[in-house]
Amino acid sequence: MDFALSPELITLRAEALQVGRAAASRSSLTEDTWIAAPDRAFSLELAARGWLGMTWPAEVGGGGRSPLERFVVYEALLSTGAPMATSWFADRQMGPTLLQFGTEAQQRRYLPQILDGTSAWSIGMSEPDAGSDVASIRTRAVRDGDHFVVNGQKIWTSLGHLADWCALFVRTDPDAPKHKGISCLIVDMGLPGIEARPLTTLAGDAEFAEVFFDDVRVPASALLGPLHGGWGVATNTLSHERAGAAQLYARIRERLRDLVADLRAAPGAPLEDPRTLERLGGLEVRLQYLEVLCQRAISAAAHGGDPTGQASLAKTVWGELDQDIAALGDELLGGDDPGGRWAIGRLTSRSLTIAGGTTQVNKNITAQRVLGLPRR
């Protein structure tokens with residue numbers, strides 16, 4: 001396989017690297033900035049450059065560009081640690097979901113806000129007693145005239161305390177089988193009855209929130225997709241999340257390079273230890289494998305195929321690889337400083353095999369979509 005970029009893509013990547021580095025220099029965060037570093041000004045800059053909705057159809061205001069062009073831009077931005085959290089979920093997940101399930105009125109209302117970088121989105125799936133089993137949610141939405149009345153709680157909602165809108169998954173038919181009684185509502189996070197409390201992680205970041213809904217009245221026109229058909233909306237949204245997560249291999253690549261640089265500068269010459277070199281070599285091979293998986297997912301999307309299976313496999317490899325790089329860095333360089341870079345990196349990496357679907361869930365998807373194995 002030849003992954004060489006065309007001259008046009010090389011120029012585009014160089015531009016994105018320059019933009020990303022300039023933005024990263026203004027940010028106080030250097031790790032996981034795609035989710036932990038919101039920056040509304042940078043979201044506006046991405047919009048001005050046409051880097052939001054790059055692959056969306058031109059008739060809805062999108063860029064009409066290829067998946068490879070978007071990949072090149074976002075790989076470059078992610079590798080620099082640019083603060084992308086404000087527009088990350090809107091561009092990566094909600095735009096494509098609105099294009100597939102949104103009504104014409106919903107697309108006219110919400111897509112321009114995403115494209116111009118003025119709206120931030122969160123996705124309300126996880127609940128305290130549901131874990132990774134989205135189908136077990138208990139947050140209720142009861143129809144009352146022209147509104148749904150919502151009661152319940154979500155947790156681990158990424159940027160839920162900062163978002164303008166939430167794609168909220170609720171139970172609308174409590175008597176139906178658990179996969180068939182779910183609906184999705186587009187909820188204005190400024191409505192009365194909503195309380196979002198930031199959750200501080202082990203690393204000290206507040207990228208998640210728990211969100212409470214107390215008799216929140218949501219217009220019935222906010223229903224996204226079919227009534228009681230929210231499971232299909234949820235799986236579609238998650239497939240875009242996993243495909244986007246695969247792009248984060250660029251950040252992992254930079255993390256591995258940083259580890260090598262730190263080891264080279266460390267006392268005691270750890271790079272002269274053959275066991276350390278062997279472990280670093282294994283990580284590098286896995287990184288190259290992840291790049292191949294990402295390219296396969298892009299190719300499938302570019303040719304009208306279903307990238308879900310490849311994206312799930314890439315997401316699995318991405319999460320486990322990031323954890324192993326951070327663990328090696330903490331083991332060799334962490335020392336006794338719990339607030340050091342590699343110690344914090346090890347803590348933050350623990351969530352990567354849970355977020356966006358657990359490793360076990362993604363392996364099941366890979367088994368069915370890639371290997372063609374039957375359900376048991």
Side-chain angles (χ1 to χ4, degrees), residues 16 19-20 23-24 26-56 62-63 67 70-99 110-111 113-126 156-167 186 189 196 198 201 205-209 236-252 254 294 297 311 314-315 318-319 322 348 351-352 354-357:
V19 170
R26 303 189 297 266
S27 176
S28 59
L29 289 176
T30 58
E31 300 287 341
D32 298 319
T33 53
W34 58 279
I35 190 173
D39 186 329
R40 288 187 178 262
F42 188 56
S43 183
L44 295 176
E45 181 175 355
L46 292 176
R49 292 179 177 276
W51 290 351
L52 297 178
M54 288 181 68
T55 62
W56 302 2
R70 184 185 186 278
F71 181 85
V72 166
V73 167
Y74 275 76
E75 182 215 14
L77 293 173
L78 290 164
S79 72
T80 65
M84 301 175 63
T86 296
S87 54
W88 182 255
F89 296 107
D91 177 75
R92 181 184 69 169
Q93 290 162 258
M94 289 315 306
T97 300
L98 284 162
L99 286 170
Y110 300 114
L111 292 180
Q113 297 176 11
I114 297 175
L115 288 167
D116 65 18
T118 58
S119 68
W121 286 70
S122 61
I123 300 172
M125 286 190 180
S126 297
W156 308 123
T157 304
S158 298
L159 300 182
H161 53 303
L162 300 175
D164 304 303
W165 303 95
C166 179
I186 301 173
M189 291 298 286
T201 68
D205 299 322
E207 61 202 55
F208 301 108
N236 176 271
T237 302
L238 284 170
S239 71
H240 292 299
E241 178 174 356
R242 290 160 187 153
Q247 284 191 356
L248 293 173
Y249 91 87
R251 194 66 186 138
I252 297 180
E254 297 304 313
C294 293
K315 194 272 176 183
W318 163 71
D322 194 294
T348 58
S351 68
L352 300 183
I354 301 172

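Closest of all the heavy-atom pairs between Asp116 and Leu44 is O-CD2, 3.4 Å. Considering every non-hydrogen atom in both Gly117 and Ala47, the closest pair reads N-CB, 3.8 Å. Thr118 approaches Asp164 most closely through the heavy-atom pair O-OD2, 3.7 Å.
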Open item on the list: Test side-chain contact (heavy atoms from CB on, under 4.5 Å) on Leu98 and Ile114; report intermediate values, then the result.
Closed with: CA-CA 11 Å; Leu98 284 162; Ile114 297 175; 4.1 Å; yes
TODO: Any chance you could lay out the side-chain contact (heavy atoms from CB on, under 4.5 Å) test for Ile35 and Trp88, step after step, and finish with the verdict?
DONE: CA-CA 7 Å; Ile35 190 173; Trp88 182 255; 5.6 Å; no
- [ ] With side-chain contact (heavy atoms from CB on, under 4.5 Å) as the test, would you mind laying out the steps for Phe42 and Leu77 before giving the verdict?
- [x] CA-CA 11 Å; Phe42 188 56; Leu77 293 173; 4.2 Å; yes
Open item on the list: For Glu254 and Thr80: C-alpha separation, side-chain torsions, deciding distance, then whether side-chain contact (heavy atoms from CB on, under 4.5 Å) applies.
Closed with: CA-CA 8 Å; Glu254 297 304 313; Thr80 65; over 6 Å; no
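Under the side-chain hydrogen bond (donor to acceptor under 3.5 Å, both in side chains) criterion, Ser119 pairs with Trp121, not counting sequence neighbours. Listed by chain and number, the residues in a side-chain contact (heavy atoms from CB on, under 4.5 Å) with Thr86 are Pro38, Arg40, Ser43, Ala120 (sequence neighbours excluded). The side-chain contact (heavy atoms from CB on, under 4.5 Å) check on Ala76 picks up Arg13, Ala16, Leu17, with sequence neighbours excluded. Trp156 is linked by a side-chain hydrogen bond (donor to acceptor under 3.5 Å, both in side chains) to nothing, counting only residues two or more places apart in sequence or in another chain. Every residue meeting the side-chain contact (heavy atoms from CB on, under 4.5 Å) condition with Met54, not counting sequence neighbours, appears here in chain and number order: Trp51, Arg65, Glu69, Arg70, Val73, Tyr74. Residues passing the side-chain contact (heavy atoms from CB on, under 4.5 Å) test with Ala196 are His161, Val211, sequence neighbours excluded. Annotation: salt bridge (Lys or Arg N to Asp or Glu O under 4.0 Å) contacts of Arg26 (sequence neighbours excluded): Glu45.
A donor atom on one side chain and an acceptor atom on the other are not found under 3.5 Å apart for Thr157 and Ser122.
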